[in-house]
Peer 1: 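Dropping the structure in here first, questions after.
Just so you know, ligand 1 is whichever comes first in the structure, and atom 1 is the first atom listed for that ligand.
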Amino acid sequence: MSQEKGAKKGEERPELAPPRGTNDLLPPESWRWSFVTRLAMDTFAGAGYAPVDTPAFEHTEIFERGVGAASEVVGKQMYTFTDRGGRSLTLRPELTAPVMRAVLAGNLHRSRLPVKLAYAGPMFRQERPQRGRHRQFFQVGIEAIGSAEPAVDAEVIEVGASFLEAAGVRASLLLNSIGHVDPACRTGYLKLLVEYLEARRDELAAADVERIAANPLRTFDSKETKTREVMQGAPLISDHLCDACATHLESVLAILDELGVAFEVEPRLVRGLDYYTRTAFEFTSPDLGAQDAVGGGGRYDGLAAALGGDELPGIGFALGIDRILLAAGDQGDETAGGTLDAYVVAIGDAARRAALGLATRLRRAGLAVDLDLMGRSVRGQMRDAARSRARSAVILGDAEIAAQAATVRDLGTGEERSVALGDLEGRLLP
Ligand code: AMP
């Protein structure tokens, strides 16, 4: 998790620092992380996407077949290990292939279609760590499996845009179609692209020359200035889509217009993973640095067959929580949770004995309540109450116990009032 704020992790005790590229997720940042993750799953559930989770590791071939051996993720970034039984396993670098595997394994596609699933969890890629790029990072995402209708593309994209807005992220939506594997569509186009790139081999950055044979579409993703200049003149997939793919794209754009979702068609947008077909999209934020992609997704009509299952179209996206929190900045801190309704302050032995009972009673009524568990003095308890960010202090002393009433102090304004112990539940609500 991102720790851009505050002391650098492990600075004082390097032997206790987490592995390079990973972060401990600590309060108060963890409150925002937990709030945004819940907001995502709630937003997705509101559109009919049920929670799903799969193991943190899979058989390596799930990613080799489902993501593609030529992709950067599989070729260069996977945490692959051999277990004690000699099996090759890999920590999941993404969740689309595992979710599709799970759908096929569980025969979910034989019941109600489309199968709509939502996830939140850690992914693992051995990348060079930098701001917004870690080796363990969190993603939330959805997958809609079993429909090739353009309405599903539009729904998935709209749900992503709605969630980002609710999370306080300023995001632009970039959209393209990368066609499908067919001589009259992407396959034919790739020939033209490879010819174009071969003719300009010497003008490309060295790292991109390799891509001509392995993954030519990815040359559009190059960050190298030399390559980017070459790509300005490259043939574009949008000019070489087959009629069916072109019509599909037109329909998706028309539905998004109707839904009021703002987008920009970006003919140079491609996705790095092999199984993507047709719709490809990305959310970027101007509030991030070099790593400005908040997330992206697309259609993957070829994935189920690549995994050895039935032909099953699908579309989904994955958004990075780390970058969502960076892009949202301090927005939403107030609603991110971590605020307590009350802090019970106990004065004297009788009150100390009664304090945990009172806190428990209030908690059972649904209030968020904390109290001193360190034997602090009254001043110490008041200081701790302020630090705890509780809205009110419920002060309990001998006089209060005798009167069966507590003194409730508003920790914002300092105002005090006496509240009968039996009425506390109702009176402590905001
Ligand atoms: P991808 O699965 O590569 O399309 O990534 C989707 C989103 O996940 C990105 O836009 C990022 O927000 C996030 N993401 C991917 N890789 C990383 C990483 N190494 N560190 C942090 N976030 C990442």
Side-chain angles (χ1 to χ4, degrees), residues 1-4 18-23 25 29 33 36-37 40 54 58 62-63 66-68 70-79 90-100 118-143 156-157 160-161 163-164 167 169-176 178 215 217-218 220-223 266 269-276 279-300 303 314-328:
M1 200 49 39
S2 31
Q3 281 215 333
E4 263 73 32
R20 180 167 148 79
T22 69
N23 291 290
L25 177 56
E29 184 73 0
W33 168 84
V36 168
T37 307
T54 60
E58 294 274 347
I62 291 295
F63 302 112
V67 179
S71 68
E72 207 142 289
V73 169
V74 173
K76 301 197 180 138
Q77 300 172 348
M78 293 207 301
Y79 281 100
T90 294
L91 293 181
R92 62 191 189 192
E94 60 101 58
L95 253 176
T96 302
V99 166
M100 181 61 95
Y119 62 79
M123 309 298 151
F124 310 86
R125 294 182 196 173
Q126 192 166 354
E127 297 195 74
R128 202 168 49 77
Q130 62 181 80
R131 186 178 145 93
R133 200 205 269 163
H134 313 287
R135 293 182 167 178
Q136 173 173 341
F137 57 96
F138 251 81
Q139 284 186 339
V140 295
I142 63 176
E143 313 291 349
V156 164
I157 292 169
F163 160 62
L164 288 174
V169 174
R170 290 198 298 158
S172 311
L173 166 61
L174 306 176
L175 220 146
N176 194 20
I178 53 168
N215 202 344
L217 267 188
R218 284 297 305 270
F220 283 107
D221 276 345
S222 175
K223 298 262 184 279
E266 170 46 87
L269 175 74
V270 295
R271 300 285 297 166
L273 312 182
D274 277 4
Y275 53 68
Y276 282 106
T279 311
F281 58 95
E282 194 160 85
F283 293 102
T284 60
S285 172
D287 300 315
L288 294 171
Q291 305 294 323
D292 70 344
V294 180
R299 207 165 244 297
Y300 43 80
L303 174 61
I315 176 158
F317 64 68
L319 303 170
I321 292 288
D322 308 73
R323 292 194 201 160
I324 287 172
L325 293 178
L326 283 176

Peer 1: State whether Arg92 and Glu58 are salt-bridged, where the test is any N-O pair (Lys NZ or Arg NE/NH1/NH2 against Asp/Glu carboxylate O) under 4.0 Å.
Peer 2: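 Between Glu58 and Arg92 there is no salt bridge, as every charged N stays at least 4.0 Å from the carboxylate O atoms.
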Peer 1: Glu94 and side-chain contact (heavy atoms from CB on, under 4.5 Å): which single residue from Val74, Val99, Val67 fits?
Peer 2: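 Of Val74, Val99, Val67, side-chain contact (heavy atoms from CB on, under 4.5 Å) with Glu94 is met by Val67 alone.
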Peer 1: Judged on heavy-atom distance to atom 16 (N) of ligand 1, which of Phe137, Tyr276, Phe124 sits nearest?
Peer 2: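 Among Phe137, Tyr276, Phe124, the closest heavy atom to atom 16 (N) of ligand 1 comes from Phe137.
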Peer 1: At under 4.0 Å between heavy atoms, is it the side chain or the backbone of Ile324 that contacts ligand 1, or both, or neither?
Peer 2: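 For Ile324, there is no contact with ligand 1 at all, from either part.
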Peer 1: Please walk me through it: do Leu326 and Ile324 pass side-chain contact (heavy atoms from CB on, under 4.5 Å)?
Peer 2: CA-CA 5 Å; Leu326 283 176; Ile324 287 172; over 6 Å; no
Peer 1: Do ligand 1 and Gly320 have nitrogen or oxygen atoms that lie under 3.5 Å from each other?
Peer 2: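 Yes, at least one N or O pair falls under 3.5 Å.
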Peer 1: Does ligand 1 come near enough to Glu127 that some N or O of the ligand is less than 3.5 Å from an N or O of the residue?
Peer 2: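 Among all N and O atoms of Glu127, at least one is under 3.5 Å from an N or O of ligand 1.
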Peer 1: Using a 4.0 Å cutoff against the non-hydrogen atoms of Gly295, which atoms of ligand 1 qualify?
Peer 2: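 Selected atoms, number and element: 7 (C), 10 (O).
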Peer 1: Could you tell me whether Leu319 and ligand 1 have an N or O pair separated by under 3.5 Å?
Peer 2: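 No; every N/O pair is 3.5 Å or more apart.
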Peer 1: Quick test of your reading of the structure: of Met123, Arg125, His134, Arg131, whose heavy atom lies closest to atom 1 (P) of ligand 1?
Peer 2: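 Among Met123, Arg125, His134, Arg131, the closest heavy atom to atom 1 (P) of ligand 1 comes from Arg125.
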Peer 1: Between Ala318 and ligand 1, is there a nitrogen or oxygen pair with a distance under 3.5 Å?
Peer 2: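 No - when backbone and side-chain N and O of Ala318 are compared with those of ligand 1, no distance drops under 3.5 Å.
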Peer 1: Quick one, Phe281 with Leu174, criterion side-chain contact (heavy atoms from CB on, under 4.5 Å). Give me CA distance, side-chain angles, the key distance, then yes/no.
Peer 2: CA-CA 5 Å; Phe281 58 95; Leu174 306 176; over 6 Å; no
Peer 1: One pair to check against side-chain contact (heavy atoms from CB on, under 4.5 Å): Tyr300 and Glu143. What are the steps and the verdict?
Peer 2: CA-CA 10 Å; Tyr300 43 80; Glu143 313 291 349; 2.7 Å; yes
Peer 1: So, does Glu94 sit close enough to ligand 1 that a heavy atom of it is under 4.0 Å from the ligand?
Peer 2: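 Outside the 4.0 Å threshold, so no.
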Peer 1: If I compare all heavy atoms of Phe137 with all of Phe124, which pair ends up nearest, and what's the gap?
Peer 2: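 That closest heavy-atom pairing would be CE2-N, 4.3 Å.
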Peer 1: Which of the numbered atoms in ligand 1 are under 4.0 angstrom from any heavy atom belonging to Gln139?
Peer 2: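 Every atom of ligand 1 under 4.0 Å from some heavy atom of Gln139: 2 (O), 5 (O), 6 (C), 7 (C), 8 (O).
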Peer 1: Measure the spacing between CG of Leu173 and CZ of Phe283 and express it to the nearest 0.5 Å.
Peer 2: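 If I round to the nearest 0.5 Å, the distance is 5.0 Å.
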Peer 1: With the side chain counted from C-beta on, respond yes when Phe63 and Met78 share a heavy-atom pair under 4.5 Å apart, and no when they do not.
Peer 2: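 Phe63 vs Met78: side chains touch.
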Peer 1: When you look for heavy atoms under 4.0 Å from ligand 1, do you find them on the side chain of Arg135, its backbone, both, or neither?
Peer 2: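 Neither part.
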